[in-house]
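In listed order, ligands and their atoms are each counted from 1. Keep in mind the model is a prediction, meaning the values are calculated, not measured. Computed from heavy atoms alone, side chains included, the values below leave out hydrogens, waters and symmetry copies.
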Amino acid sequence: MIQIGPYKLKNRLILAPMAGVTDRPFRLLCRRMGAGMAVSEMVIADPKFWKTTKSLLRLNHKGEPDPRSVQIAGGEPEMLAMAARMNQEQGAQIIDINMGCPAKKVCNRAAGSALLKDESLVNSILKAVVEAVDIPVTLKIRTGWDTDNKNAITIARMAEDSGIKALAIHGRTRTCGYGGEAEYDTIAAVKQSISIPVFANGDIDSPEKAQFVLNHTQADGLLIGRAAQGRPWIFREIDHFLNTGTHLKAPNAAEVGEILLSHITELHHFYGDHMGTRIARKHVGWYLKSHKDGNEFRATFNKIESAQQQLANITEYFKRLSNGEDIAA
Ligand SMILES: Cc1cc2nc3c(=O)[nH]c(=O)nc-3n(C[C@H](O)[C@H](O)[C@H](O)COP(=O)(O)O)c2cc1C
């Protein structure tokens, strides 16, 4: 069982932080669909951004089950420490530091995985954030900043020595962006080098791949990002496979329709109808990516401005599909 500070996770599967995706409605949905934890979108460390609508929505954790992990992003130790404290006050139970996203800069300073190049700055950040809060701090990194400079082991040891309680590693370097395939050898080497929980990340998109990555890296858990977009039930499918070695039946059209309707309804409530209808469009696109008639439906759907009409169109679409068809990919 994975333990992060006082929190025991119910399984080994975590929704990876994704800016613009892992908002509260999606986190709640993924938890309901079997994720053991769901990391929030990053909160920019600079306080001048905290009052924007976007940031205020990111600070909202109402109704979220334990443990609530909030990611912070920035490049200055003091500012990150302040952001960690503020998020603790707002209900975060775990603070996750972003050294994993490929964005070169946050607020004109090196941030995300670009920090990996400056090990002494990494050290100062880790120490400042751990000292600033009473709750566990975790770290998310890539394998290094480029393929000739994979310093994940050095950073991992530094993290453990600084009091970081768990480490997630995406099996790509910063310069890889999202190109090529994630590699898991470096993650396996990191797992051998430290004793805090290690979460493997990158391209895990099926129960078999999840099993392979766990076997190969001996990681304690897995972070799943893009594969959960439009497919939040992937968590229960992977969990079932890891526990039993058998496949859970894919959800049928009626169930996918119910899941999507509840997701879109929550987006409307959370963001309000105007913003909610816009955000709903990209999620609907992901859910219907593998559908034969998905593109046609989306072309019409993306022009709808009313929340009620969006729900009516989704209901109608899935009613048609439910006539005996299994559509979930
Ligand atoms: C749209 C999008 C937004 C992301 N935002 C963040 C972020 O805010 N913080 C972060 O650490 N990683 C971020 N990531 C990286 C993911 O957490 C994850 O490491 C990466 O997508 C690889 O995992 P996957 O192959 O399962 O998607 C983002 C990825 C995507 C696709």
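Residue G20 places every heavy atom at 4.0 Å or more from ligand 1. Within the 4.0 Å heavy-atom cutoff, A227 does not count among the residues contacting ligand 1.
Side chain of E76 to main chain of E78: no donor-acceptor pair is present (N/O by atom type, distance under 3.5 Å, no hydrogens or angles). With hydrogens and angles disregarded, a donor-acceptor distance shorter than 3.5 Å links the side chain of K209 to the backbone of D203. Using a distance-only test at 3.5 Å, with no hydrogens or angles considered, a donor-acceptor pair links the side chain of D220 to the main chain of V198. Put simply, the side chain of R58 gets close to the backbone of M42: a donor and an acceptor are under 3.5 Å apart.
E64 pairs with exactly one of R24, R31, R27, Q93 by the side chain to side chain donor-acceptor pair (under 3.5 Å) rule, that one being R27.
In Q71, the part holding a heavy atom less than 4.0 Å from any atom of ligand 1 is the side chain. Proximity of N98 to ligand 1, defined as any heavy-atom pair under 4.0 Å, is confined to the side chain (atoms from C-beta onward).
Annotation for E296: atom CD does not count as buried by contact number, only 12 or fewer foreign heavy atoms lying within 6.0 Å. Within a 6.0 Å radius of NZ in K54, no more than 12 heavy atoms belonging to other residues, nucleotides or ligands are found. Environment of NZ in K165: sparse, with no more than 12 heavy atoms of neighbouring residues, nucleotides or ligands closer than 6.0 Å.
Protein heavy atom at the shortest distance from atom 26 (O) of ligand 1 is G225 N, 2.8 Å. Closest protein heavy atom to atom 15 (C) of ligand 1: Y178 OH, 3.3 Å.
Close approach to R226 involves these atoms of ligand 1, each under 4.0 Å from a residue heavy atom: 21 (O), 24 (P), 25 (O), 26 (O), 27 (O), 31 (C). For ligand 1, the atoms lying closer than 4.0 Å to a non-hydrogen atom of A16 are 17 (O). Of all atoms in ligand 1, numbered sequentially from 1 with element shown, those under 4.0 Å from a heavy atom of K140 are 10 (C), 11 (O), 12 (N), 15 (C), 16 (C), 17 (O), 18 (C), 19 (O).
Every N/O-N/O distance between I204 and ligand 1 stays at or above 3.5 Å. On a distance-only criterion, N201 and ligand 1 share at least one N/O pair closer than 3.5 Å. Taking only nitrogen or oxygen atoms, main chain and side chain alike, A19 reaches within less than 3.5 Å of ligand 1. At a 3.5 angstrom cut-off on N or O pairs, P17 counts as close to ligand 1.
In summary, K10 and D239 do not engage in a salt bridge, as defined by a charged side-chain N under 4.0 Å from a carboxylate O.
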